[in-house]
Amino acid sequence: MSSILFVILFIFTLCSENGITERPPVNSEPDEPKKPPVSNVLWVAASNSSAADKAQADYICDGSNDQQEIQSALNKLPPSGGVINLHSGTYHCAGIITPKTGSTLKGKGESETYLKFTNDGRINVDNENVTLDGLNLHGSNYSVGVKWLGVLTIRASHAKIHNITGTADASIQAVFLLIHDPSIYSPTLEDVEFIHCKATDTGTYGFLHNAWGTENKVMKNIRYEDCQAVNCGRFGAFNPWVTGFNFAELNSIEGLRVKNCVAEGTLESGFHFEFDPAKKDCILENCVSRNNGNKPYPSKPYDNSDMSTHYFGCGYYAPNADVTFINCTAEANSMNGFYTTNGGKLYNCAEKETGVGRTDFSYRVPAGFYSLPTRSVNPSLVMDHCKSINSNGYGIQVDLANNVKIIDFQLTNPSGHNGKGSSFGGTHNVFDNSEVNIYASGDRAETLIWAKNNINTVFSGKIISNSTKPFLIEGARTSNVLVKDMEIISDVLPPGPGGITVENSVPPDQVNLQNVYVTPPSAP
């Protein structure tokens with residue numbers, strides 16, 4: 001027995017020295033197998049994507065109801081969100097894509113990744129913190145039940161829409177629709193940005209803001225940068241008032257920022273705010289609006305109950321609004337370059353050739369800058385270093401106005417209307433408590449500056465004209481009008497003090513001239 005015990009002890013010692021440990025008991029539980037982590041980056045390939053892209057993709061579409069594969073990929077993302085990448089190709093979508101909270105749907109770019117929507121298909125951004133990037137959208141043949149939506153409908157806050165190009169026919173309300181729908185999202189709709197987005201060649205609105213219901217209709221902190229609306233309403237019309245950008249339809253808006261954007265070739269206004277909603281702290285900067293208002297002028301006088309007489313045709317339409325325009329340009333728009341009232345502020349803005357190509361002014365007279373009425377706030381209108389060039393009607397028309405500030409306004413060669421190149425109170429007989437510093441030139445209109453029935457107004461500046469009536473003041477309501485520090489350069493008026501025509505309708509001693517004189521062009 002002692003020999004056997006010795007052998008056992010020897011073997012035990014040898015195993016311990018070589019690191020051999022005791023095996024676990026036979027009845028112990030094995031470890032649970034680990035689940036593979038959920039990926040937050042997935043790839044989807046189209047039916048016509050390259051073979052290499054398909055080999056790398058997590059989902060491959062077959063060219064029919066491709067929204068199903070895209071939505072499945074979105075649903076596969078973890079709760080924290082993630083990125084769904086769409087390879088180059090065309091995705092045929094006959095249904096709705098709804099990105100989940102915190103997700104990104106990203107294509108290869110507007111010329112690479114196409115989403116063709118039919119059968120009421122569209123993208124609904126109904127969850128917060130969604131990003132869309134690098135896609136080309138096309139929507140057509142929508143049913144009546146969804147006509148008031150958009151190919152891209154945004155109904156939740158904190159969305160980023162980048163590098164998206166889209167178009168649609170006239171069967172849906174907009175390409176890009178930002179709408180407060182309390183049945184989907186009841187909080188304030190805010191913090192939405194559009195960067196490098198474009199709506200082009202549409203039968204409907206390019207970019208439209210709207211609101212349903214009766215409460216919480218204010219949108220806040222909406223941003224646009226380097227976006228374009230081109231030929232909206234040119235190829236069909238959802239309704240007769242299709243615009244490029246409509247920032248306030250039934251919604252109010254606060255904190256809007258629009259920078260380096262272009263509206264061109266639209267049926268109605270390029271940049272548009274409806275009259276009734278509240279517009280507060282809105283700024284448009286370095287924008288261009290050209291060749292807008294392409295539908296015919298009305299063929300009969302304005303009648304509020306007759307929609308056929310309603311017409312905008314503006315580069316920028318911002319009535320009754322706290323909207324500031326900085327370095328904005330309006331070119332060849334049909335009715336008005338800039339329409340601003342009751343709080344508008346324009347700095348270094350220019351219009352040219354407003355009304356070009358229009359000839360029948362029976363019911364509409366174009367004006368490069370138009371403000372009527374504008375008298376409910378103080379100042380009701382500010383124009384600083386603005387220019388009107390070659391307007392086919394009035395260069396500037398301001399009426400039913402009070403507390404207007406116009407500084408260094410350049411009026412160049414307007415054709416005018418009834419011989420008048422501008423109108424300060426001339427059409428509705430109210431222009432009060434205002435200051436106008438204006439530099440006017442041109443011989444297409446007999447009168448460059450027309451002031452009628454002004455009260456407590458001051459004019460200054462310079463006129464270059466060979467007309468006999470370059471500055472005309474008239475109207476029995478005229479009271480306490482001062483023209484000062486004004487030079488009139490003329491070949492036809494006698495040199496020396498004067499050069500202002502005051503009609504007999506003006507009460508005596510109500511117009512005062514200070515340092516107003518005529519200089520021949522050849523004088524130093």
Side-chain angles (χ1 to χ4, degrees), residues 289 313-319 325 328-342 344-356 361 364-375 379-432 434-442 444-454 457-465 467 470-473 483 486:
S289 191
C314 297
Y316 305 86
Y317 183 81
F325 300 91
C328 291
T329 302
E331 301 176 4
N333 296 288
S334 178
M335 183 65 185
N336 305 124
F338 294 85
Y339 184 124
T340 54
T341 70
N342 296 330
K345 294 172 283 292
L346 300 96
Y347 303 97
N348 299 307
C349 293
E351 75 79 19
K352 61 181 181 180
E353 298 185 341
T354 294
V356 64
F361 300 152
R364 290 292 188 276
V365 179
F369 292 85
Y370 182 87
S371 296
L372 189 163
T374 184
R375 55 185 177 182
S380 61
L381 174 68
V382 175
M383 293 185 183
D384 192 343
H385 288 79
C386 294
K387 299 178 181 180
S388 170
I389 303 170
N390 295 330
S391 173
N392 203 36
Y394 297 119
I396 179 171
Q397 182 181 4
V398 187
D399 214 324
L400 294 176
N402 192 18
N403 298 312
V404 171
K405 309 290 184 185
I406 299 176
I407 304 166
D408 190 18
F409 188 90
Q410 307 284 331
L411 176 64
T412 303
N413 204 33
S415 67
H417 181 64
N418 292 332
K420 312 296 194 303
S422 66
S423 174
F424 299 96
T427 51
H428 290 77
N429 302 303
V430 179
F431 187 78
D432 301 344
S434 299
E435 300 176 10
V436 179
N437 175 239
I438 185 168
Y439 297 82
S441 62
R444 288 203 296 168
E446 179 186 26
T447 295
L448 287 171
I449 303 173
W450 179 33
K452 185 177 180 182
N453 288 317
N454 288 195
T457 59
V458 178
F459 291 88
S460 62
K462 184 176 184 177
I463 300 174
I464 302 174
S465 172
S467 167
F471 192 152
L472 174 63
I473 300 174
V483 183
M486 178 165 282

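Computed over heavy atoms, backbone and side chain alike; hydrogens, waters and symmetry mates excluded.
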Separation of [Y] [atom2] from [X] [atom1] (nearest 0.5 Å):
| X | Y | atom1 | atom2 | answer |
| --- | --- | --- | --- | --- |
| Lys452 | Lys420 | NZ | NZ | 8.5 Å |
| Tyr347 | Asp384 | OH | CG | 6.5 Å |
| Asn348 | Thr329 | CG | OG1 | 10.0 Å |
| Lys462 | Ile438 | NZ | CD1 | 14.0 Å |

Show the nearest heavy-atom pair for residues [X] and [Y], with the distance to one decimal.
| X | Y | value |
| --- | --- | --- |
| Ala451 | Phe471 | CB-CE2, 4.3 Å |
| Lys405 | Pro379 | CG-CB, 4.1 Å |
| Pro366 | Gly355 | CB-CA, 4.0 Å |
| Ala445 | Gly421 | CB-N, 3.7 Å |
| Ser465 | Gly442 | OG-O, 3.6 Å |
| Tyr316 | Cys328 | OH-CB, 3.6 Å |

Spell out, as yes or no, whether a donor-acceptor pair under 3.5 Å connects the side chain of [X] to the backbone of [Y].
| X | Y | value |
| --- | --- | --- |
| Asn437 | Ile406 | no |
| Ser380 | Thr374 | yes |
| Thr340 | Ser371 | no |
| Tyr370 | Cys314 | no |
| Ser289 | Gly315 | yes |
| Ser423 | Gly426 | yes |
| Ser467 | Glu446 | yes |

| Among all residues two or more places apart in sequence or in another chain, which pass the side chain to side chain donor-acceptor pair (under 3.5 Å) test with Asn390? | Asn413
Side-chain touch [X]/[Y], heavy atoms, less than 4.5 angstrom:
| X | Y | value |
| --- | --- | --- |
| His428 | Leu372 | yes |
| Met383 | Ile407 | no |
| His417 | Phe361 | yes |
| Thr427 | Tyr394 | yes |
| Ile463 | Met486 | yes |
| Phe409 | Lys387 | no |
| Ile473 | Ile449 | no |
| Pro414 | Leu448 | yes |

| request: Apply salt bridge (Lys or Arg N to Asp or Glu O under 4.0 Å) to Asp399 and list each qualifying residue two or more places apart in sequence or on a separate chain. | output: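 Expected list: none.
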| request: With ring-ring contact (aromatic ring centres under 6.0 Å, His included) as the test, would you mind laying out the steps for Tyr339 and Phe369 before giving the verdict? | output: CA-CA 6 Å; Tyr339 184 124; Phe369 292 85; over 10 Å; no
State which residue, out of [options], fulfils the side chain to side chain contact (heavy atoms under 4.5 Å, CB included) condition with [X].
| X | options | result |
| --- | --- | --- |
| Leu411 | Ser388, Ser391, Ser441 | Ser388 |
| Leu381 | Leu346, Asn402, Asn342, Asn403 | Leu346 |
| Val404 | Val436, Val398, Val382 | Val398 |

| request: Take Arg375 and Leu400, measure what side-chain contact (heavy atoms from CB on, under 4.5 Å) needs, and give me the verdict at the end. | output: CA-CA 7 Å; Arg375 55 185 177 182; Leu400 294 176; 4.0 Å; yes
| request: Evaluate the criterion ring-ring contact (aromatic ring centres under 6.0 Å, His included) for residue pair Phe338 and Phe325; output intermediate values, then yes/no. | output: CA-CA 9 Å; Phe338 294 85; Phe325 300 91; 5.8 Å; yes
| query | Going by atom types alone, do Asp408 and His385 pair a side-chain donor with an acceptor below 3.5 Å? | reply |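 Checked: Asp408/His385 side chains pair up, N/O donor to acceptor below 3.5 Å.
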| task | Begin with the C-alpha distance, continue with both residues' side-chain angles, and end with the deciding distance and a verdict on side-chain contact (heavy atoms from CB on, under 4.5 Å) for Arg364 and Met335. | result | CA-CA 8 Å; Arg364 290 292 188 276; Met335 183 65 185; 3.5 Å; yes
